[in-house]
> 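Dumping the structure here so I can ask a few things about it.
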2 protein chains.
Amino acid sequence: MSDQLHEALEMLRESGVRITPQRHAVLEFLIQSEKHPTADDIYKALEGKFPNMSVATVYNNLRVFREIGLVRELTYGDSSSRFDCNTSDHYHVICDKCGKIVDFHYPSLEEVESIAEQITGFDVSHHRMEVYGTCDSCKPVTSH
Amino acid sequence: MSDQLHEALEMLRESGVRITPQRHAVLEFLIQSEKHPTADDIYKALEGKFPNMSVATVYNNLRVFREIGLVRELTYGDSSSRFDCNTSDHYHVICDKCGKIVDFHYPSLEEVESIAEQITGFDVSHHRMEVYGTCDSCKPVTSH
DNA sequence: TAAACTATTTATAAAGATTATAATGTAATA
DNA sequence: TATTACATTATAATCTTTATAAATAGTTTA
């Protein structure tokens with residue numbers, strides 16, 4: 001079992017949240033997934049193991065995880081939210097063509113936050129940023 | 001009639017798009033609106049003038065405007081898209097409490113784009129960024 | 001101008017994602 | 001064990017957006 005899963009389970013315990021088989025499975029899938037799955041991705045992936053599991057269970061658990069701070073919900077232009085359990089600071093690069101999402105580390109844009117505070121008078125709490133483009137596999141092949 | 005509306009109508013003409021009364025009204029509302037309305041906001045705002053107008057018309061026209069490049073569609077965490085006809089480069093600061101959206105000018109983060117290109121191998125086309133926090137009217141009153 | 005064609009609107013249905021509800025099941029506690 | 005609280009399931013409901021088909025209006029062409 002990965003360290004990350006261990007830590008996550010510990011966080012659940014500390015929050016007084018029961019660790020049910022379904023909850024464990026959703027969490028495990030999220031952590032081992034390199035992608036950033038949608039609720040439906042998770043639901044489909046666990047269909048084999050839990051044939052009777054309800055979509056509502058997936059959504060409920062994702063909400064619990066989000067409230068505890070275990071996962072981040074990513075809302076892009078497309079219809080459904082994606083879930084990311086990598087809570088370390090990072091940004092995402094998203095392919096316009098195939099929707100692939102790649103993590104991308106960059107020093108946090110703290111200056112933007114403080115300038116926004118000065119200009120707008122908001123108490124700034126956080127920001128989000130994504131970069132869009134065409135990934136390697138979607139680039140047109142150059143002809144010679 | 002505002003210059004911006006004039007320009008927008010000109011762009012529609014050049015694109016060979018008919019300027020119907022409904023289309024004109026949607027565009028006018030978008031331009032005069034300081035907010036960043038949802039499709040439903042627009043629909044409700046024009047109910048008086050066009051009692052028979054269909055929601056589909058609002059969506060259709062917003063799609064047309066977007067395709068021409070007259071408006072930007074903003075997708076945040078909440079359920080529905082918002083539409084912004086300010087096409088000049090700017091970012092948004094969003095209030096976590098009341099949802100207010102304030103425009104905010106900041107030099108474009110071109111460095112981020114080029115670094116993302118180098119790290120990920122994507123052909124980067126654009127990026128998005130929003131800053132979140134609490135606006136002035138939603139700040140708790142400090143007690144002395 | 002009349003006919004033909006095209007774009008647009010309307011009304012409605014359908015799709016898709018998410019949330020709410022109620023009943024059932026399961027674990028924790030006294 | 002009885003009680004309570006939490007979770008899951010199944011299902012319905014909600015909400016946003018898109019699709020479809022019919023009706024309408026505008027444009028083009030003969």
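A note on names: the letters A, B, ... follow the listed sequences, proteins ahead of strands, and every chain is numbered from 1.
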> How close or far is atom P of D:dC6 from atom CD1 of A:Ile68, stated in whole angstroms?
13 Å
> Check the distance between D:dT8's C1' and A:Tyr43's OH and give it to me in whole angstrom.
12 Å
> Could you measure the distance from the CG atom of B:Asp96 to the CG atom of A:Asp123? Nearest 0.5 Å is fine.
10.5 Å
> Let me know the distance between NZ of A:Lys44 and P of C:dG16, rounded to the nearest Å.
10 Å
> Do B:Val131 and B:Tyr91 sit in the same hydrophobic cluster, where Ile, Leu, Val, Met, Phe, Trp and Tyr count as joined when their side-chain heavy atoms come under 4.5 Å apart?
yes
> Could you tell me the separation between the CG atom of A:Asp41 and the P atom of C:dA17, rounded to a whole number of Å?
10 Å
> Judged by atom type as modelled, is there a donor-acceptor pair below 3.5 Å linking the side chain of B:Ser125 to the main-chain atoms of A:Tyr132?
yes
> Assign the ring pair B:Phe104 / B:Tyr106 to parallel, tilted or perpendicular, where the plane angle (0 to 90°) is split at 30° and 60°.
tilted
> Give each protein N/O atom lying under 3.5 Å from an N/O atom of nucleotides 22-30 of chain C, with the pair distance.
none

> Quick one: A:Asn61 CG to D:dA7 P, roughly how many Å, whole number?
8 Å
> Give me the one residue out of A:Asn61, A:Val71, A:Leu5 that meets side-chain contact (heavy atoms from CB on, under 4.5 Å) with A:Leu30.
A:Val71
> Let me have the donor-acceptor pairs involving side chains of residues 40-47 of chain A, under 3.5 Å, with sequence neighbours excluded, atom names and distances please.
unit_1, atom_1, unit_2, atom_2, d
A:Asp40, OD2, A:Lys44, NZ, 2.5
A:Asp41, OD1, A:Thr38, OG1, 3.4
A:Asp41, OD2, A:Thr38, N, 2.8
A:Asp41, OD2, A:Thr38, OG1, 3.2

> Counting the atoms with a prime plus P, OP1 and OP2 as sugar-phosphate, which does B:Thr57 contact under 4.0 Å by heavy atoms, base, sugar-phosphate, or nothing?
base
> Any idea which heavy atoms bring B:Thr75 and A:Arg128 closest together, and the distance?
O-NH1, 4.4 Å
> Once you round it to whole Å, what is the distance between P of C:dA7 and CD of B:Glu67?
13 Å
> Is the phosphate of C:dA7, meaning OP1 or OP2, less than 4.0 Å from a side-chain N or O of B:Arg23?
no
> Check whether A:Arg82 reaches the backbone of A:Tyr76 with its side chain - one donor and one acceptor, N or O, closer than 3.5 Å.
no
> Counting distance only, does the side-chain N/O of A:Ser15 pair as donor-acceptor with the main-chain N or O of A:Val17 below 3.5 Å?
no
> Starting from C1' on D:dA25, measure out to CD on B:Gln22 and report it in whole angstrom.
10 Å
> Figure out the CZ/P separation between B:Arg13 and D:dT27, and round it to whole Å.
12 Å
> Here's a test of your reading of the structure: between B:Pro51 and B:Ile19, which maps to the more 5' nucleotide of DNA chain C?
B:Ile19
> Does A:Thr20 have a side-chain nitrogen or oxygen under 4.0 Å from the phosphate oxygens OP1 or OP2 of D:dC6?
no
> Each nucleotide N or O in nucleotides 11-20 of chain D that has a protein N or O under 3.5 Å away: list the pair and distance.
unit_1, atom_1, unit_2, atom_2, d
D:dT17, OP1, B:Ser81, N, 2.9
D:dT17, OP2, B:Tyr59, OH, 2.3
D:dT17, O5', B:Tyr59, OH, 3.3

